[in-house]
Amino acid sequence: MTPKKTIGIVGGGQLGRMSALAAARLGLNCVIYTPESGSPASQVCDQTVVAPYDDAVSLKRFASMVDVITYEFENIPVETIEILKQEKPVYPDSNLLDISQDRISEKSFLNDIGIPTARWVKVEDEEKLHATLEEWESEACIIKTCRFGYDGKGQIKYNKSQKLSVAIENLHGDLIAEEIVDFSDELSVITARDYGKNIVSYGPMLNIHKNHILHKTITPAPFAQDIADQAIEMAEKLAEKLDLTGLLTLELFLTRDGRLLANEIAPRTHNSGHWSIDACAVSQFENHIRAVAGQPVAPPAPICPSEMLNLIGDDINTIDRYLTQSGACVHLYGKDSAKPGRKMGHITFLNPTNED
Ligand code: AMP
């Protein structure tokens, strides 16, 4: 029998909460580290260390309470993980965090290992950017902050007719310009890899966004088999090249002319994998915990088609209609105020019908 381990989770959001619930099912305890008291993850764990991410004393105390450490979101300072790594093993390794925190290192890494992305360039000045747009034969591009962008925050559509300095005045730090992808679909693959280098993947999932935030995830996704195979191959190649122990997500575009382009790496469980809690034998959260705890990962083994609907902000007020609906699996994250854009919960519809 594998020795019982206590897992430390850095970050207290819903991803940490659902990972901790999966750990509990495997008989494992979790301790949460978060700057915020009463966080969604702390509500389902016995112990939480509430302290800032740069508090070395608290980080060491947290490490002393656990056997192994993971994290549930990508914007944790790499220095935090470096401090923790001196005390206890951290999975996934901080190389993944480092790469995925910066769009330039992320795209460079993907391109270096042969995974295509939209064409991109670091934004330096207006003249150079216009020269690049000419090369791309395009009038416009998307400009994104290299760090801390999510759910469409920290990005703008830029047109050559605009003055660059004015267009980017609200974007901070280094910037990247990407060609505008003419995509038919957005999809993702989630891959878990264990200490024995066994690998399993979820998806690809078809993701539908509203206002740049994930709205719905549909599985199985209606893609041709060769597209599905290619997407999985890309995510698994990425996991292997990183020598991953843990779980990652690769977000992709399917272009109208049938090409797959990687958009982003999430070094963690992902909103597009929430369906796996109810519609798979082993969820993304369980495989994440297994890999981190030194247990083997297992095939997801989907049970039935599903559709996951996010409850964002005031959507939470519609919850009553789902509570009595057959096949609707309701998940709420224990957040008390429904701010606009805030992920409050989700519903997974099993064997969905058009009415769902
Ligand atoms: P991101 O923050 O990179 O995940 O982007 C958020 C959303 O913006 C994506 O889910 C797409 O819908 C859209 N988007 C991002 N990059 C591009 C691109 N290069 N071309 C077209 N749409 C994009």
Side-chain angles (χ1 to χ4, degrees), residues 13 15 73-75 96-97 99-111 115-123 129 132-133 135-160 162 167-168 170-190 203-218 221 223 231 234-235 238 248-274 308-310 312 340-343 346:
L15 300 177
F73 77 118
E74 57 269 50
N75 290 330
L96 173 57
L97 198 59
I99 289 168
S100 58
Q101 277 183 348
D102 183 287
R103 291 191 195 267
I104 291 181
S105 56
E106 180 177 58
K107 291 199 195 307
S108 305
F109 187 83
L110 286 165
N111 296 160
I115 296 181
T117 58
R119 287 185 287 185
W120 61 274
V121 69
K122 184 173 184 214
V123 176
L129 182 61
T132 303
L133 286 177
E135 205 184 297
W136 292 350
E137 296 177 357
S138 177
E139 292 297 302
C141 62
I142 296 192
I143 298 183
K144 300 179 180 176
T145 54
C146 284
R147 303 177 78 86
F148 305 121
Y150 69 99
D151 287 346
K153 292 189 175 67
Q155 62 169 274
I156 55 150
K157 187 169 171 190
Y158 171 72
N159 191 293
K160 239 176 170 174
Q162 292 169 280
I168 62 175
N170 293 322
L171 300 182
H172 305 291
D174 286 343
L175 303 176
I176 183 175
E178 289 178 21
E179 80 184 315
I180 299 175
V181 178
D182 183 20
F183 61 81
S184 57
D185 294 301
E186 295 192 68
L187 56 152
S188 57
V189 174
I190 297 175
M205 284 73 79
L206 170 63
N207 298 324
I208 296 165
H209 295 81
K210 252 192 198 173
N211 306 321
H212 291 289
I213 303 178
L214 184 66
H215 169 55
K216 258 189 205 175
T217 293
I218 295 169
F223 300 122
M234 285 180 180
L238 175 61
L248 61 74
T249 305
L250 183 62
E251 296 176 18
L252 301 136
F253 298 123
L254 176 61
T255 65
R256 283 188 202 280
D257 56 4
R259 289 172 301 132
L260 280 173
L261 300 176
N263 178 36
E264 227 175 16
I265 306 168
R268 52 165 174 79
T269 54
H270 195 260
N271 197 167
S272 66
H274 291 1
M308 189 280 318
L309 176 74
N310 261 342
I312 311 278
R342 196 171 196 206
K343 291 177 179 163
H346 71 269

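When a ligand or atom number is given, it counts from 1 through the structure's own listing order.
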Contacts of R259 meeting salt bridge (Lys or Arg N to Asp or Glu O under 4.0 Å) (sequence neighbours excluded), chain-then-number -> D257
By salt bridge (Lys or Arg N to Asp or Glu O under 4.0 Å), E179 pairs with (sequence neighbours left out) R119
| said: Could you check whether any side-chain N or O of S184 sits under 3.5 Å from a backbone N or O of L254, counting only pairs where one atom can act as donor and the other as acceptor? | reply: yes
Counting each atom of ligand 1 from 1 as listed, which ones have a heavy atom of [X] under 4.0 Å away?
{"X": "F183", "result": "12 (O), 21 (C), 22 (N)"}
{"X": "N263", "result": "1 (P), 3 (O), 4 (O)"}
{"X": "E251", "result": "4 (O)"}
{"X": "E186", "result": "9 (C), 10 (O), 11 (C), 12 (O)"}

Open item on the list: With heavy-atom distances below 4.5 Å as the criterion, would you say the side chains of T217 and H274 are in contact?
Closed with: no
dist I99:CD1 -> E74:CD (nearest 0.5 Å) comes out at 13.5 Å
Honestly, for R119 the part within reach of ligand 1 (heavy atoms, under 4.0 Å) is neither
To atom 23 (C) of ligand 1, the nearest of I176, T117, I142, I180 on a heavy-atom basis is I142
Heavy-atom proximity to atom 15 (C) of ligand 1 ranks first, among E178, K144, E179, for K144
Exactly one candidate in Q155, E264, E178 meets side chain to side chain donor-acceptor pair (under 3.5 Å) with R103; the answer is E264
